[in-house]
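Please read these numbers as outputs of a predicted model, since none were measured by experiment.
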Amino acid sequence: MREGYEGTGPGAITPDGCAVELYSRLPVGDEPDIIAAAVPAGARILELGSGVGRMTHPLLERGFTVTAVDESAEMLRRVRGARTICSPIEDLDLGETFDVVLLASFLVHAGDVRVRQGLLRTCARHVADGGSVLIQREGEDYHTDLPRERVDPSGFTVRMVSAEPVGDGVNSVRAEYVFPDAVWTQTFLARPLSREQFEQALAEAGLEVDAYLTPDRVWVRAVAMG
């Protein structure tokens, strides 16, 4: 388990506190549609932090070719139809490039600056000339609009319980997922980034914003700096 990360509940828990069984249950949101609208049809996608394939499988159904990367072998065992690679993202160097590199799940908010830098360097290293990097960042009130909860139509509740400062601009965030038959919790470290801080982090990796893809600026398309 990574320091500052913890998970509870049934089944295997990954080093960053994610429960494999929980992520196998979570429904697909609108993310695949956002991605598909932002990249060329049939693009080759490198999905960093794929988990169990919640987005991988809908992207495959839309005609993309996906290489799914995750540090958890237990997660990757749930992925079907995609090439899978078990590796920490920040260490990845495949020696090839892709039309699209996808860094979702708010991974860019890693509490450790060196990890964030490694993630973004991996994105820059693997994006083809003329390609793009799609990044999912936190909403601007994610650490202040707390506690908050959402009841999913499929019958479970997601609660963002707290975000407690632990120093150096990092918060310890606690989430709860309550199903009729099981409860999971996850505690993780996240660094809030203003728009300016986010764009500066991109620049350090040789990337720049091409477009904010959603009105809340959560989804971003970045490209190599010209």
Side-chain angles (χ1 to χ4, degrees), residues 1-35 48-55 70-72 74-75 89 102-113 115-116 119 134-199 201 212-220:
M1 195 66 62
R2 295 189 177 199
E3 186 176 351
Y5 293 75
E6 184 183 6
T8 68
I13 306 290
T14 68
D16 59 357
C18 294
V20 175
E21 183 62 36
L22 166 63
Y23 278 82
S24 298
R25 294 185 181 203
L26 293 180
V28 180
D30 58 359
E31 298 99 334
D33 293 328
I34 293 169
I35 294 162
L48 302 175
S50 66
V52 297
R54 189 174 62 90
M55 284 196 280
D70 204 275
E71 68 178 359
S72 166
E74 290 96 341
M75 288 280 196
I89 296 167
L102 178 60
L103 186 69
S105 301
F106 316 117
L107 293 175
V108 74
H109 292 272
D112 187 329
V113 171
V115 170
R116 182 190 71 210
L119 299 178
L134 299 191
I135 299 172
Q136 184 184 27
R137 57 192 288 261
E138 292 177 341
E140 282 151 27
D141 63 351
Y142 274 29
H143 290 251
T144 54
D145 178 23
L146 295 169
R148 65 180 185 274
E149 72 173 40
R150 175 178 65 83
V151 179
D152 191 86
S154 63
F156 69 94
T157 299
V158 182
R159 256 184 227 112
M160 302 306 295
V161 180
S162 58
E164 301 293 337
V166 294
D168 188 35
V170 177
N171 290 336
S172 175
V173 181
R174 179 178 169 86
E176 296 177 353
Y177 300 83
V178 181
F179 286 75
D181 62 335
V183 176
W184 284 272
T185 73
Q186 184 182 8
T187 302
F188 57 95
L189 300 179
R191 180 182 296 274
L193 297 172
S194 68
R195 183 173 175 179
E196 293 73 24
Q197 289 169 326
F198 169 71
E199 292 181 2
Y212 286 95
L213 301 174
T214 50
D216 58 10
R217 295 192 291 276
V218 165
W219 278 94
V220 186

Here the salt bridge (charged side-chain N to carboxylate O under 4.0 Å, His left out) pairs for residues 176-186, sequence neighbours left out, are R25-D181, R159-E176, R174-E176
Nearest heavy-atom contact between E71 and P15 is OE2-CB, 3.7 Å
- Message: As a quick check of understanding, evaluate side-chain contact (heavy atoms from CB on, under 4.5 Å) for V220 and F198, giving each step before the final call.
- Response: CA-CA 11 Å; V220 186; F198 169 71; 3.9 Å; yes
When rounded to the nearest 0.5 Å, the distance separating CD1 of I13 from CE of M1 is 6.5 Å
The reported gap from CD1 in I89 to CG in D70 (rounded to nearest 0.5 angstrom) is 7.0 Å
Smallest heavy-atom separation, V52 atom then Y23 atom, equals CG2-O, 3.3 Å
- Task: Could you please spell out the steps behind the side-chain contact (heavy atoms from CB on, under 4.5 Å) verdict for W219 and E31?
- Result: CA-CA 9 Å; W219 278 94; E31 298 99 334; 3.6 Å; yes
Q136 (side chain) donor-acceptor with S105 (main chain) under 3.5 angstrom: yes
d(Q186 CD, E6 CD) to nearest 0.5 Å is 10.5 Å
**OP:** May I ask you to decide if Y142's main-chain N or O and R148's side chain share a donor-acceptor pair within less than 3.5 Å?
**Re:** yes
Across all chains, not counting sequence neighbours, the side-chain contact (heavy atoms from CB on, under 4.5 Å) partners of R191 are V113, R116, D168, V170, L193
Closest non-hydrogen contact found for A190 with P192 is O-CD, 3.5 Å
P165 and A163 have their tightest heavy-atom pair at CD-O, 3.8 Å
To the nearest 0.5 Å, atom CZ of F156 lies from atom CG of L22 at 7.5 Å
### Message
Show, in sequence, the C-alpha distance, side-chain angles and deciding distance for V161 and T185, and conclude whether the side-chain contact (heavy atoms from CB on, under 4.5 Å) test is met.
### Response
CA-CA 10 Å; V161 180; T185 73; over 6 Å; no
Donor-acceptor check, side chain of H109 to backbone of E138, threshold 3.5 angstrom: yes or no?
yes
Correct closest heavy-atom pair for R54 and G29 would be NH1-N, 3.9 Å
Output for pair (C18 SG, W184 CH2), nearest 0.5 Å, gives 13.0 Å
Notebook entry, point to check: Going by an N to O cut-off under 4.0 Å, is there a salt bridge joining E140 and R195?
Noted result: no
Separation between CD1 (I135) and CG (L119), nearest 0.5 Å, reads 9.5 Å
* Asked: Within a strict 4.5 Å, meaning less than it, do heavy atoms of the D152 and V158 side chains meet?
  -> no
Scanning both residues in full, the closest heavy-atom pair of L146 with S162 reads CD1-C, 3.8 Å
**Prompt:** Does E21 reach the side chain of P10, with side-chain heavy atoms less than 4.5 Å apart?
**Reply:** no
Between D216 and T214, does any side-chain donor sit less than 3.5 Å from a side-chain acceptor?
yes
Pair E74-S72, side-chain donor/acceptor within less than 3.5 Å
yes
